[in-house]
Amino acid sequence: MCSDLVAVTTALTVCPSESSQMEPAEEQDAGNHTLLTEFVLSGLSSRPELQHLLFFTICLVYSMTLMGNFLICMVTVHPSLHMPMYFFLRVLSFLDISTASVVVPKMLANLLSEDRSISYLGCVTQLYCVVFLAATEWYLLAAMAYDRYVAVCSPLRYSAIMNTRACLSLVLLCCCSGKVVSVVQTAWVFTLSLCGPRRIDYFFCDIPPLITLSCSDTSRYEKQLISATVLVIFTPFCLILLSYACIISSILKISSAESRHKTFSTCSSHLTVVTLYCASGTLIYLQPKSSNSQDTKKIMALIYTTVIPTLNPLIYSLRNKEVKEVLIRAMAVLMKK
């Protein structure tokens, strides 16, 4: 990932045609525009009386995200949970920790500081990481749906199909796909002519607020962004729906009501997470310059960067009998000590 960032940042300039005249720590005029070398994040709210309340609330949510996902990472290495589903869940928890850690610490610092600036390089890095993690997570959710499809529809061949090599290959494919999407989107955004004002009406560097700073025509980029949204969100989503259509068909053929309930309970956890991601991601990226209020976009972004990473451990652990049993045994051991 570091090598990609170096390649992107060395190739990018705020306004390519004036790149040779740019100085790293200053703003200069390019025609009638001011070129940007740093940005100012407005944050979640401009109301001073809410800053401390937001700080403590988000700090609490972030702490829950770290504890919940670290717990999932530790629990799923238990010998009784050495199955592909829990391997993917462990990777998902790692991605959730990373996503929250890319966004939340800077947001918390800005809530307590008057200086809310972020350097050009810092903005590039943050956008690259957010897009990489979000895209990788979407592809991982599709891989998890495929895992459930094989487990339910081809149980006798499950161990042969979803072996260690296949699982590692799927995760690697998800990461490589996310890497490609992130490099392309980050490079495209920062080769737009970004010029004043330098204030980003958002709490982190993301695509929709950044393209509003462009002093050039962004219609071509917006079409490309819609195509990327379809590729990253709707293509995996359609594959997930197709997998679950086959899963539901197989579930209905199970004669035992208890087995049907257990199978559907396992799959419904995954479907809940997919729905949350799809709803928030679509509202933000499908119409980057839509008439939706900026506050609505901030709430949607807060959901997928902060709230969903907190909910994932609860959704997967509370609705999963095996995970709950391991947690209970682990807590019992700790209490005895």
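Just so it is clear, the model here is predicted, and its values are computed rather than measured.
With rounding to the nearest 0.5 Å, the separation of CH2 in Trp188 from CD1 in Ile207 is 11.5 Å. The CG atom of Leu92 lies 4.5 Å from the CG atom of Asp96; values are rounded to the nearest 0.5 Å. Here the straight-line distance linking atom CE of Met300 with atom NZ of Lys297 works out to 12.0 Å at 0.5 Å rounding. Note that OG1 of Thr229 and CD of Gln224 are 8.5 Å apart. Values are rounded to the nearest 0.5 Å. Going from atom CG of Leu111 over to atom CG of Leu44 covers 6.5 Å, rounded to the nearest 0.5 Å. Here Thr305 contributes atom OG1 and Met107 contributes atom CE; the two are 6.0 Å apart, rounded to the nearest 0.5 Å.
Leu173 and Leu133 are not part of a single hydrophobic cluster, where members link through side-chain heavy atoms under 4.5 Å apart. Phe234 and Leu242 sit in two unconnected hydrophobic clusters of ILVMFWY residues. Membership requires side-chain heavy atoms under 4.5 Å apart, directly or through other members. Hydrophobic cluster membership differs between Leu172 and Val91, with clusters built from Ile, Leu, Val, Met, Phe, Trp and Tyr side chains linked at under 4.5 angstrom. Following chains of ILVMFWY side-chain contacts shorter than 4.5 Å, one can reach Leu54 starting from Tyr304, so the two form part of one hydrophobic cluster. In this structure, Met162 is not a member of the same hydrophobic cluster as Val77, with clusters built from ILVMFWY side-chain heavy atoms closer than 4.5 Å.
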Please tabulate, one pair per line, all N/O donor-acceptor pairs under 3.5 Å involving side-chain atoms of residues 58-71, not counting sequence neighbours.
from  : atom 1 : to     : atom 2 : distance (Å)
Tyr62 : OH     : Ser101 : OG     : 2.9
Ser63 : OG     : Cys59  : O      : 2.9
Thr65 : OG1    : Val61  : O      : 2.9
Thr65 : OG1    : Thr310 : OG1    : 2.4
Asn69 : OD1    : Ser93  : OG     : 3.3
Asn69 : ND2    : Thr65  : O      : 2.8
Asn69 : ND2    : Pro309 : O      : 2.8

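In summary, the aromatic rings of Phe190 and Tyr120 are positioned with their centroids under 6.0 Å apart.
Listed here is the closest heavy atom pair of Cys73 and Arg90: O-CD, 3.5 Å.
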*Show your working on side chain to side chain contact (heavy atoms under 4.5 Å, CB included) between Asp206 and Leu127 and close with a plain yes or no.*
CA-CA 6 Å; Asp206 200 9; Leu127 178 62; 4.1 Å; yes
*Report the C-alpha separation of Val232 and Tyr139 in whole Å, then their side-chain angles, then the decisive distance to 0.1 Å, and conclude whether the side chain to side chain contact (heavy atoms under 4.5 Å, CB included) test is met.*
CA-CA 7 Å; Val232 175; Tyr139 293 126; 3.8 Å; yes
*Can you list the steps and then say if Val75 with Tyr86 is a side chain to side chain contact (heavy atoms under 4.5 Å, CB included)?*
CA-CA 9 Å; Val75 166; Tyr86 300 110; over 6 Å; no
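Under a cut-off of 6.0 angstrom, the local environment of NE2 in His82 is crowded, with over 12 non-hydrogen atoms contributed by other residues, nucleotides or ligands. No more than 12 heavy atoms of other residues, nucleotides or ligands shown are found within 6.0 angstrom of CZ on Phe94.
By the 4.5 Å heavy-atom criterion applied to side chains, Thr191 and Tyr221 are not counted as neighbours. Looking only at side-chain heavy atoms (C-beta outward), Val274 and Trp138 come within less than 4.5 Å of each other. Between Arg199 and Arg116, the closest side-chain pair of non-hydrogen atoms is not below 4.5 Å. Residues Val171 and Phe88 have side chains in contact (heavy-atom distance under 4.5 Å, counting atoms from C-beta outward). With a 4.5 Å cut-off on side-chain heavy atoms, Phe203 and Leu41 do not count as touching. Between Leu108 and Phe55 there is a side-chain heavy-atom pair separated by less than 4.5 Å. Put simply, the side chain of Tyr146 does not reach to within 4.5 Å of the side chain of Leu239, judged on heavy atoms. Residues Val183 and Phe132 form no side-chain contact, since every pair of their non-hydrogen atoms from C-beta on lies 4.5 Å or further apart.
The closest side-chain donor-acceptor pair between Asp115 and Ser117 falls under 3.5 angstrom.
Residues satisfying the side-chain contact (heavy atoms from CB on, under 4.5 Å) test with Gln126, not counting sequence neighbours, are Val102, Lys106, Ile118, Val130, Phe204, Cys205. Under the rule for a side-chain contact (heavy atoms from CB on, under 4.5 Å), the partners of Ala145 that lie at least two apart in sequence or sit in another chain are Ile240, Ser243, Tyr244, His270. Remark: Glu114 pairs with no residue by the salt bridge (charged side-chain N to carboxylate O under 4.0 Å, His left out) rule, at least two apart or across chains.
Side chain of Thr235 to main chain of Val230: a donor-acceptor pair is present (N/O by atom type, distance under 3.5 Å, no hydrogens or angles). The main-chain N or O of Val131 is never found under 3.5 Å from a side-chain atom of Ser182 such that the two would form a donor-acceptor pair.
When each of Leu170, Ile161, Asp147 is checked for a side chain to side chain contact (heavy atoms under 4.5 Å, CB included) with Pro84, only Asp147 meets the rule.
The disulfide bond (SG atoms under 2.5 Å apart) pairs that include a residue from residues 142-186 number zero, where partners must be two or more places apart or lie in different chains. Each side-chain hydrogen bond (donor to acceptor under 3.5 Å, both in side chains) pair with one or both residues in residues 160-171, not counting sequence neighbours, would appear here, but there are none.
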